[in-house]
Amino acid sequence: MYTLGIETSCDETSCAILKKRKVLSNSTISSLKEHVPFGGVIPEIATRAHLKNIDKVVTFALAESGVPLSKVGLIAATNEPGLIGALLVGLNFAKGLSLSLSKPFIAVNHLQAHLFAPFLNDFKAIPFPFLGVVVSGGHTQIYRVNSFSDLKIIGTTRDDACGEVYDKIARNLNLGYPGGPVIDRLFDESLSESYAFKCGRIGLDLSFSGIKTAVVYKKMELQKQGFISKRTKIKLISSFQRSAIGALVDAVEESTERTGIKTLVFGGGVVANSYLRKQLKVRFQNLKIILPDLEYAGDNAAMVAGLGFYLYNEGS
Ligand code: KG4
Ligand code: ZN
């Protein structure tokens, strides 16, 4: 059976065609460039871009997969969380398709879909229970996942999301948008202890807004002493990343100790980060770490179609 999935919760208009969990096409048009001048996603611009691009990505995904619309057996779309106007475009397009084809529709939670991403193209049983760690531009959550219909948040950010802080710091330092990939690229471990920034932890919860302010204040202090060089910016972002990722990994470690669960599943745009991936390897040698392929770390429709198919057929 083929599943058609749609994702429009933020700035990616994406459609995927899957045969069970196998991805036949994952086609995306991003409105990212239109948001660059603002240093963040503008909901109105994202919504209008979805309206313009939704039928293009669906037509392209169908053509690329070679699957005729008549063979699609299930339609899945993200229904929450996300920008409301943006979500409505994908949801209503998907519901319209479902009605016109007389095929079932299933709504999918975006954060749960991020946790399904590592299981795409993989037909092994999903190793429940696991700790699910979503680190994206909008969320930073640690879940105990007993099944995809039984998840409990055990840790979360108390303020900004981890990816959001990458974006805000990069914007403040004029390094571009989105900030995550830029900081990932510029990071220099040998300069990462230049400044003693501290990222907040309260039990399994995290706080990223204090470290964001600390980086900005340090920049202002340095600015008073003169021009800020590229090397100084690298010192600032490297010290930030070391502390932010360190705190995240500490919180994850404590959640494994508290729950006794030794399988960790990661999802979300920040999971593409090379330093985070390296730290996970170094710190968690005795645990089972399951990461998505880089192409499925950020927002995409394949994870939505995959979880939709899984929930529709396995019911949990
Ligand atoms: O999951 P995602 O595509 O969208 C949301 O659901 O929010 O995540 C986007 C976030 C952005 O904040 C972006 O800066 C961050 O993921 N990101 C990264 C990297 N690639 C994307 N953060 C750190 N390192 C990266 N390599
Ligand atoms: Zn996302």
Side-chain angles (χ1 to χ4, degrees), residues 5-14 16 26 28-33 35-36 38-43 46 50 77-83 86-87 90 108-118 132-141 143 156-157 160-173 175-187 189 192 199 208-209 211-212 237-238 240-249 265-280 291-304 306-307:
I6 289 179
E7 156 63 38
T8 61
S9 66
C10 193
D11 57 343
E12 261 91 30
T13 318
S14 185
N26 183 39
T28 302
I29 299 178
S30 175
S31 58
L32 188 129
K33 280 202 181 122
H35 306 288
V36 169
F38 307 97
V41 175
I42 306 296
H50 290 313
T78 304
N79 72 331
E80 60 166 2
L83 307 172
L87 284 167
V108 169
N109 176 291
H110 180 82
L111 302 179
Q112 294 176 20
H114 271 306
L115 292 178
F116 192 83
V133 186
V134 178
V135 202
S136 71
H139 296 85
T140 308
Q141 322 265 46
Y143 296 87
T156 183
T157 176
D160 292 11
C162 185
E164 179 183 356
V165 171
Y166 270 85
D167 295 336
K168 287 178 174 171
I169 288 178
R171 180 173 64 191
N172 190 270
L173 294 173
L175 291 173
Y177 173 82
V182 184
I183 292 179
D184 191 357
R185 191 163 36 80
L186 293 177
F187 177 75
E189 197 161 0
S192 67
C199 188
F208 291 100
S209 88
I211 192 169
K212 172 189 65 187
I237 57 103
S238 300
F240 151 71
Q241 174 161 284
R242 182 191 187 93
S243 173
I245 298 293
L248 175 69
V249 174
V265 175
F266 287 80
V270 182
V271 174
N273 187 271
S274 338
Y275 181 69
L276 170 62
R277 287 184 173 237
K278 186 173 150 200
Q279 289 304 305
L280 294 177
L291 300 171
D293 287 345
L294 286 185
E295 66 181 303
Y296 303 122
D299 291 350
N300 68 86
M303 65 186 193
V304 176
L307 181 57

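In each ligand, atom 1 is the first atom listed, and ligand 1 is the first ligand listed.
Taking atom 2 (P) of ligand 1 as the reference point, the nearest protein heavy-atom neighbour is Asp299 OD1, 3.4 Å. If you check which protein heavy atom lies closest to atom 14 (O) of ligand 1, you get Asp167 OD1, 2.7 Å. Gly180 CA, 3.4 Å is the protein heavy atom nearest to atom 18 (C) of ligand 1. Here the protein heavy atom with the shortest distance to atom 24 (N) of ligand 1 is Asn273 ND2, 3.0 Å. For atom 7 (O) of ligand 1, the closest non-hydrogen atom on the protein side is Gly137 N, 2.8 Å. Counting protein heavy atoms only, atom 20 (N) of ligand 1 is closest to Gly269 O, 3.4 Å. In this structure, atom 26 (N) of ligand 1 lies nearest to the protein heavy atom Asp184 OD2, 2.9 Å.
Annotation: Ala297 places no N or O atom under 3.5 Å from an N or O atom of ligand 1; distance criterion only. Of the polar atoms of Tyr166, none of the N or O atoms is found under 3.5 Å from an N or O of ligand 1, judged by distance alone. Residue-to-ligand polar distances keep Gly268 apart from ligand 1: every N/O pair is separated by 3.5 Å or more.
Counting atoms of ligand 1 from 1 in the listed order, those under 4.0 Å from a heavy atom of Pro178 are 14 (O). Remark: ligand 1 atoms within the under-4.0 Å shell around heavy atoms of Gly163 are 12 (O).
A donor-acceptor pair under 3.5 Å is absent between the side-chain atoms of Ser192 and the main chain of Ser238, judged by distance alone. Although no hydrogens or angles enter the test, the distance criterion places no donor-acceptor pair under 3.5 Å between the side chain of Asp293 and the main chain of Glu295. With hydrogens and angles ignored, the 3.5 Å screen pairs no side-chain donor or acceptor of Ser14 with any backbone N or O of Thr28.
Only side-chain heavy atoms of His114 come within less than 4.0 Å of ligand 1; its backbone N, CA, C and O stay farther off.
Judged by distance alone, the side chains of Ser274 and Asp184 do bring a donor and an acceptor atom under 3.5 Å apart.
For His114, the ring-ring contact (aromatic ring centres under 6.0 Å, His included) partners are His110, not counting sequence neighbours.
Annotation: protein N, O or S atoms under 2.8 Å of the Zn ion (ligand 2) (waters excluded) comprise His110 NE2, His114 NE2, Asp299 OD1.
Between Tyr166 and Phe240, the ring planes lie perpendicular to each other; the angle is over 60°, past the 30° to 60° tilted range.
Between Gly138 and ligand 1 there is a heavy-atom distance shorter than 4.0 Å.
With respect to Leu248, the side chain to side chain contact (heavy atoms under 4.5 Å, CB included) criterion is satisfied by exactly one of Val270, Leu280, Val135: Val135.
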